[in-house]
Structures are given as structure tokens and as C-alpha cells.
Amino acid sequence: MANHNLDALDRKILELIADNARIPFLEVARTCNVSGAAIHQRIQKLTTLGILKGSYYVVDPEKIGYETCAFIGLFLKNPESFDTVVKELEKIPEVVECHYTTGGFDMFIKIYAHNNHHLLEIIHDKLQPLGLSRSETIISFHSAIDRQLPVTLTT
């Protein structure tokens with residue numbers, strides 16, 4: 001993983017668009033005191049470098065009927081099956097994150113379910129057949145902080 005040297009303009013652009021991905025490039029240009037073309041070129045460069053991974057709308061899962069958020073630590077019967085398990089997890093739409101971790105878990109996932117009964121169905125019907133020796137589930141009552149990593153002008 002490369003650490004890219006970003007100048008003050010790159011950082012200011014990132015700060016502005018991370019706060020509002022729909023901000024017009026011309027508004028970013030005015031705020032940064034450069035041309036719209038310069039902003040467009042910088043955004044392209046940041047995208048090519050993989051620093052920007054795209055822009056999208058954020059859907060609130062609770063507003064569309066997913067009232068239960070859970071984090072599940074997975075213990076695999078065969079830890080060499082990581083890649084296969086990840087491919088299968090990608091097929092489960094309720095799984096929104098998957099992490100390889102240190103500590104006791106082989107993997108750690110975040111899922112959304114309609115309710116606790118739906119959560120049980122996901123664990124029993126979709127996760128257990130993946131070759132788990134066991135799992136540990138933590139249900140989140142509320143996300144107190146949910147944000148992107150802030151972009152600061154200092155390094």
C-alpha cells in the first residue's frame with residue numbers, strides 16, 4: 001500500500017469533496033482559487049492513484065427496513081478457505097463489510113438484517129454452511145460515530 005505525497009491543494013480538494021461528494025467542481029475551484037480544469041485534473045489524478053474510490057449516495061439501512069446491524073466474528077473450520085469463504089460472503093447481500101483480523105477471529109463481518117429473526121436466519125442458513133466452526137455475534141444498538149477519516153491539511 002503506497003503512501004502518496006499529497007500537496008495542500010490535493011488535501012483541500014479531498015476535504016471539500018469528502019464533506020459533500022455532490023459539490024460542483026467550479027465551487028471547489030473557487031474555494032481553492034484555481035481553475036475548474038485544474039480541479040478536474042486533480043480529481044482524475046486522485047482517482048487514478050486509488051485515493052478516491054468513487055462517489056455514491058448513502059442509503060440508510062434502517063429507513064428501508066433493516067433494523068438490526070450486527071458484527072459477527074467468524075471462526076473457520078479450515079482457515080485456508082479464506083478466499084472461498086469471501087467469494088461466498090459476497091453473494092450474501094446483507095453482508096456489507098468483511099475484514100481479515102488479528103486476534104481470535106479468522107474474519108469479522110458487518111451485516112444488516114430486517115430484525116433479530118432475520119439475523120438468525122442469515123447466521124443459520126447462509127453463514128453456517130460456509131464451513132464455520134463457530135461465530136460470535138454482537139448486535140449494534142446505535143452507531144454513535146459514522147464518518148470518513150478526516151482529511152487534514154497537515155501531514
Side-chain angles (χ1 to χ4, degrees), residues 1-76 79 81-115 118-119 122-123 126-127 130 135-155:
M1 292 184 215
N3 183 8
H4 300 285
N5 290 327
L6 303 177
D7 63 19
L9 178 58
D10 289 331
R11 290 184 178 279
K12 184 64 179 174
I13 292 167
L14 290 172
E15 181 183 331
L16 291 167
I17 66 174
D19 187 48
N20 176 8
R22 298 185 70 191
I23 189 171
F25 282 4
L26 287 178
E27 188 174 331
V28 175
R30 275 187 233 107
T31 302
C32 294
N33 230 7
V34 296
S35 71
I39 295 301
H40 183 72
Q41 289 172 341
R42 291 291 183 117
I43 298 260
Q44 285 300 111
K45 176 188 88 168
L46 294 167
T47 301
T48 301
L49 290 173
I51 295 168
L52 288 176
K53 293 184 176 184
S55 60
Y56 49 88
Y57 291 101
V58 177
V59 176
D60 184 337
E62 193 172 341
K63 301 275 197 262
I64 60 169
Y66 289 84
E67 296 180 359
T68 301
C69 173
F71 298 89
I72 304 175
L74 305 178
F75 298 87
L76 304 178
S81 65
F82 276 150
D83 294 339
T84 304
V85 172
V86 169
K87 286 178 183 164
E88 292 303 312
L89 288 171
E90 288 174 341
K91 296 176 185 176
I92 303 171
E94 295 90 352
V95 175
V96 296
E97 291 183 26
C98 176
H99 302 269
Y100 297 122
T101 62
T102 61
F105 305 124
D106 293 316
M107 304 168 109
F108 197 70
I109 63 172
K110 178 180 180 181
I111 70 170
Y112 286 101
H114 294 295
N115 51 42
H118 184 216
L119 174 62
I122 294 167
I123 293 169
K126 296 180 179 181
L127 297 180
L130 299 180
S135 64
E136 288 185 19
T137 303
I138 301 166
I139 294 176
S140 170
F141 291 129
H142 174 71
S143 176
I145 299 173
D146 184 8
R147 64 180 176 205
Q148 289 192 64
L149 183 65
V151 180
T152 60
L153 293 176
T154 59
T155 55

note = Of all heavy-atom pairs linking Gly65 and His114, the shortest is O-ND1, 2.8 Å
CD1-CD1 distance between Ile72 and Ile122, expressed to the nearest 0.5 angstrom = 7.5 Å
key: From CZ (Phe71) to CD1 (Ile139), nearest 0.5 Å   = 11.5 Å
message = Measuring from atom CD1 of Ile13 to atom CG of Leu6, what distance do you get when rounded to the nearest 0.5 angstrom?
response = 10.0 Å
task = Quick one: do Lys91 and Glu88 satisfy salt bridge (charged side-chain N to carboxylate O under 4.0 Å, His left out)? Show the steps, please.
result = CA-CA 5 Å; Lys91 296 176 185 176; Glu88 292 303 312; 3.1 Å; yes
remark   = Contacts of Lys63 meeting side-chain hydrogen bond (donor to acceptor under 3.5 Å, both in side chains) (sequence neighbours excluded), chain-then-number -> none
ask   = Does some side-chain heavy atom of Glu136 sit less than 4.5 Å from a side-chain heavy atom of Phe75?
value = yes
Show the atom names and distances, to 0.1 Å, of all donor-acceptor pairs under 3.5 Å that link a side chain in residues 36-53 to residues at least two apart or in another chain.
from, atom 1, to, atom 2, distance (Å)
Arg42, NH1, Asp7, OD1, 2.9
Arg42, NH1, Asp7, OD2, 2.9
Arg42, NH1, Asp10, OD1, 2.8
Arg42, NH2, Asp7, OD2, 3.3
Lys45, NZ, Asp10, OD1, 3.4
Lys45, NZ, Asp10, OD2, 2.8
Thr47, OG1, Ile43, O, 2.8
Thr48, OG1, Gln44, O, 2.9

task = State, to 0.1 Å, how close Gln148 and Ala18 come at their nearest heavy-atom pair, and which atoms those are.
result = NE2-O, 3.5 Å
query = Are Arg22 and Tyr57 close enough that some pair of their side-chain heavy atoms sits under 4.5 Å apart?
reply = yes
remark   = Distance col, row Ile123:CD1 vs Thr137:OG1, nearest 0.5 angstrom, shows 3.5 Å
inquiry  = Check this for me: Asp60, atom CG, are more than 12 non-hydrogen atoms of other residues, nucleotides or ligands nearer than 6.0 Å?
reply    = yes
request  = Decide yes or no for Leu16 and Lys12: does some side-chain heavy atom of the first lie under 4.5 Å from some side-chain heavy atom of the second?
outcome  = yes
message = What's the separation between atom SG in Cys32 and atom CZ in Phe25, rounded to the nearest 0.5 Å?
response = 11.5 Å
query = Are side-chain heavy atoms of Leu89 and Leu127 found at a separation under 4.5 Å?
reply = yes
key: Distance, nearest 0.5 Å, that separates CD1 of Ile17 from CG of Leu14   = 5.5 Å
With a cut-off of 3.5 Å and sequence neighbours excluded, list every side-chain donor-acceptor pair involving residues 92-107.
from, atom 1, to, atom 2, distance (Å)
Glu94, OE1, Lys126, NZ, 3.2
Glu94, OE2, His118, NE2, 3.4
Glu94, OE2, Lys126, NZ, 3.4
Glu97, OE1, His99, NE2, 2.8
Thr101, OG1, Phe105, O, 3.3
Asp106, OD2, Leu76, N, 2.7

